[in-house]
Novice: 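Quick one: the structure is below, questions incoming.
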Protein chains: 2
Amino acid sequence: MTIQQVATEAGVSPSTVSNLLNGRNHRMLPETRQRIERAIDKLGYRPNRAARQLRTGRNTTIGLVVPSVGNPFWGALARHLESAALAEGYHVLLCNSERDPRRERDYVDELWADGVHGVVLCSSLPSLDHVMPLVERGLQLVAFDRTSQAGDPASLVSISVDNAIGSQLATQHLTDLGHRRLAFVSGALASVNRKERYRGFTAGLEQAGIDPATSVRAPVKGDADDFGDVEASELGRAAAAELLALEEPPTGIVAINDMCALGVCRGLRDGGLEVGKDVSVVGFDDIVLADLYAPTLTTVRQPMKEMAAAAFTQLRSRLDDSGPTQGQSLLFRPELIVRESTAPPT
Amino acid sequence: MTIQQVATEAGVSPSTVSNLLNGRNHRMLPETRQRIERAIDKLGYRPNRAARQLRTGRNTTIGLVVPSVGNPFWGALARHLESAALAEGYHVLLCNSERDPRRERDYVDELWADGVHGVVLCSSLPSLDHVMPLVERGLQLVAFDRTSQAGDPASLVSISVDNAIGSQLATQHLTDLGHRRLAFVSGALASVNRKERYRGFTAGLEQAGIDPATSVRAPVKGDADDFGDVEASELGRAAAAELLALEEPPTGIVAINDMCALGVCRGLRDGGLEVGKDVSVVGFDDIVLADLYAPTLTTVRQPMKEMAAAAFTQLRSRLDDSGPTQGQSLLFRPELIVRESTAPPT
DNA sequence: CGAGGCTGGTGCAACGATGCACCGCATGCT
DNA sequence: AGCATGCGGTGCATCGTTGCACCAGCCTCG
């Protein structure tokens with residue numbers, strides 16, 4: 001089914017069909033228009049994307065680079081982003097970087113070579129230097145789950161939840177319940193987001209009149225490489241054991257994310273404590289699993305659907321040329337979801 | 001960077017460059033070849049996919065249609081499939097059907113219109129009639145997690161784990177531990193796979209000399225619509241409550257999948273029982289979560305990586321025209337993974 | 001010595017959609 | 001009368017790659 005066949009069927013020239021297809025139909029006779037429309041769905045015509053892209057240089061595919069869709073958090077993003085894109089006739093090309101910087105760059109290169117002009121990048125890297133050359137050539141980049149930084153390209157859009165506030169909400173929730181000895185469990189504070197979450201934690205403590213110095217940050221030994229996802233739970237488990245060995249173990253624990261929190265729960269249980277009774281645990285993200293675990297996990301929800309929709313909208317408006325060329329930073333408001341894993345200290 | 005520029009740089013015609021690029025270099029002077037190769041990476045040339053596809057009608061993108069990448073099981077598939085595809089220079093276009101048959105069909109249509117000739121379809125539907133028209137036009141289809149059926153297109157490749165064996169392994173594991181009162185928890189046995197799993201369950205019972213009639217299948221009230229993923233856990237939880245209300249509750253439970261199994265664990269705990277001690281539970285799939293839950297879940301592992309690789313290989317060989325045109329069914333061997341959720345009956 | 005074969009390439013017409021330049025005609029303006 | 005303007009479309013070159021048809025030059029062989 002080519003545009004030529006449609007044109008023949010409708011008794012017009014291919015140009016006219018093209019005009020209609022591309023909204024240049026201001027001065028087209030309604031009658032002509034209807035003839036074409038009838039021909040189109042009589043023949044079941046769909047424009048050939050390859051031809052269209054070859055001619056225009058544009059396309060309707062955006063790239064999504066995530067650490068791993070095996071992780072429910074990124075899976076959820078993929079799902080929502082795809083949903084938003086689909087509604088506008090866009091497609092999503094999925095790429096798993098496996099947290100390998102090189103693979104991340106290769107993917108973005110590949111996408112660019114394929115004519116993809118917009119990419120949602122969920123980078124684990126603090127710097128975006130590796131993709132700068134393409135950004136300079138016009139690649140539109142949306143950084144997800146990563147607040148913007150000094151060296152970032154001017155056109156960059158950053159989309160993230162307000163990590164400091166989220167973390168503070170979690171902490172406050174614990175102090176409101178009466179907890180006074182708190183701990184923050186995380187790997188190395190290597191990314192901006194992690195630092196922000198820690199900042200929220202200390203802010204929450206201060207607000208409750210607790211000296212952050214008396215709180216624990218575990219594990220201290222976390223190094224810069226522990227960016228893993230599944231490993232986050234291992235880390236949480238180990239950290240829990242460490243905390244239990246203290247003379248005065250904390251009664252409330254704020255974890256860097258849900259996976260980590262689940263690991264902490266696991267570790268606490270290993271140590272004979274009951275989460276949601278003897279100890280309280282708060283996570284971050286609100287992955288589906290949080291509501292399935294036993295006990296269900298109190299956590300800080302990221303409005304994924306809205307964030308994904310925003311990512312797409314931003315990208316699209318910039319691809320449609322009309323959008324602002326200037327970068328910006330979108331911070332979403334996190335929401336505390338209280339479930340069973342938190343309770344007043346006993 | 002066009003092929004023309006490379007040709008000029010190398011002092012040959014575009015055709016010659018194209019010949020090299022497409023492996024038609026049998027009778028090419030090694031010297032010419034090197035000149036071209038040098039030109040290519042001097043200019044950093046990458047062939048334009050749109051142009052190539054327009055000309056040849058082929059492309060290197062395959063489609064993946066899953067119910068939802070939000071579900072870790074499908075996320076894992078996406079990850080592994082993408083990995084296999086990447087190694088051969090192929091891309092994966094991700095589509096979430098959200099278990100909506102119409103959306104599923106629309107996606108496949110869309111992919112076809114985009115020039116995608118190969119799709120891995122993880123359909124929740126027993127029949128594939130809705131995509132038959134495209135298959136007849138040449139779409140290569142690999143059905144994943146769905147054994148082939150009578151009405152399927154002749155060219156269809158089906159990839160699945162051997163569900164009957166898997167389920168039998170799970171059942172056998174319980175009987176070997178000494179359990180005699182078993183239950184099978186599932187929604188309606190609406191899909192072939194589910195029926196197979198139930199068949200494996202009864203086979204396992206018979207092998208242990210237990211009359212399947214004495215075992216329980218819960219919930220009886222499951223209807224055909226309960227195909228959900230998150231809902232699977234709700235279903236498990238409800239089923240557990242139901243089972244506990246029996247006069248002689250089962251001591252061993254085989255769940256249709258891991259999510260359902262986790263729901264069952266949840267329900268049992270609600271009823272005051274300790275999983276892995278008072279009751280044993282076995283799942284199916286071995287999602288990442290199975291090893292994180294408390295207690296860790298004994299389950300039947302599907303060799304996802306191998307299955308995903310096979311899906312890609314099958315698709316590719318058929319897309320490269322050379323492959324067999326005849327459909328086939330690949331059944332993978334499941335593996336029992338024993339963890340903490342199973343123990344001898346007390 | 002001329003027909004035929006091999007070698008190492010090249011010429012060219014597609015693939016399907018796009019969008020600018022342009023057309024003939026009618027009407028308005030001065 | 002002479003020129004601009006609006007209308008409803010159409011003609012055509014073009015995007016980058018491909019692969020069949022073809023070519024000139026040289027070798028071989030009866």
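Lettering follows sequence order; numbering is per chain, from 1.
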Novice: Which residues in residues 20-29 of chain A have at least one heavy atom lying under 4.0 Å from any atom of DNA chain D?
Specialist: A:Arg27, A:Met28, A:Leu29

Novice: So which nucleotide from D:dG19, C:dG9, C:dA17 ends up closest to the side chain of A:Ile3?
Specialist: C:dA17

Novice: Calculate the interatomic distance between A:Arg52 atom CZ and D:dG16 atom C1'; express it in whole Å.
Specialist: 18 Å

Novice: For the residue pair A:Trp74 and A:Phe144, does the interplanar ring angle fall in the parallel (under 30°), tilted (30 to 60°) or perpendicular (over 60°) class?
Specialist: perpendicular

Novice: Do the side-chain N and O atoms of B:Ser155 and B:Gln326 include a donor-acceptor pair separated by under 3.5 angstrom?
Specialist: no

Novice: Can you check the B:Gln4 CD to D:dC15 C1' distance for me, whole Å?
Specialist: 13 Å

Novice: State whether B:Arg49 places a side-chain N or O below 4.0 Å from either non-bridging phosphate oxygen (OP1 or OP2) of D:dC15.
Specialist: no

Novice: Residues in side chain to side chain donor-acceptor pair (under 3.5 Å) with B:Asn25, at least two apart?
Specialist: none

Novice: Do A:Glu9 and A:Arg38 meet the salt-bridge criterion of a basic N to acidic O distance under 4.0 Å?
Specialist: no

Novice: C:dT7 P sits how many Å from B:Glu31 CD, rounded?
Specialist: 18 Å

Novice: Between A:Cys95 and A:Leu111, what is the shortest heavy-atom contact and its length?
Specialist: SG-CD1, 4.1 Å

Novice: Can a salt bridge be assigned to the pair A:Arg99 and A:Glu104 using a cut-off of 4.0 Å between side-chain N and carboxylate O?
Specialist: no

Novice: Look at B:Asp152 together with B:Arg146 and state whether they make a salt bridge at an N to O cut-off of under 4.0 Å.
Specialist: yes

Novice: Pull out every protein N or O sitting under 3.5 Å from an N or O of nucleotides 21-23 of chain D, one pair per line with the distance.
Specialist:
none

Novice: Would you kindly say whether A:Ser127 and A:Asp129 are connected by a side-chain donor-acceptor distance under 3.5 Å?
Specialist: yes

Novice: For A:Gln328, check side chain to side chain donor-acceptor pair (under 3.5 Å) against everything at least two apart and list the hits.
Specialist: none

Novice: Whole angstrom is fine here: how far is it from CZ in A:Arg35 over to P in D:dG8?
Specialist: 14 Å

Novice: Can you sort out the partners of A:Phe312 under ring-ring contact (aromatic ring centres under 6.0 Å, His included), two or more places apart, ordered by chain and number?
Specialist: A:Tyr90

Novice: Starting from P on C:dG16, measure out to CZ on A:Arg46 and report it in whole angstrom.
Specialist: 16 Å

Novice: Between protein and nucleotides 10-15 of chain C, map the contacts as a letter string: B base, S sugar-phosphate only, - none, heavy atoms under 4.0 Å, written 5' to 3'.
Specialist: BBBBBB

Novice: I'd like to know if A:Glu110 and B:Arg49 make a salt bridge, using a cut-off of under 4.0 Å between side-chain N and carboxylate O.
Specialist: yes

Novice: Within this structure, what is the CG-to-P distance between A:Asn59 and D:dG16, rounded to whole angstrom?
Specialist: 15 Å

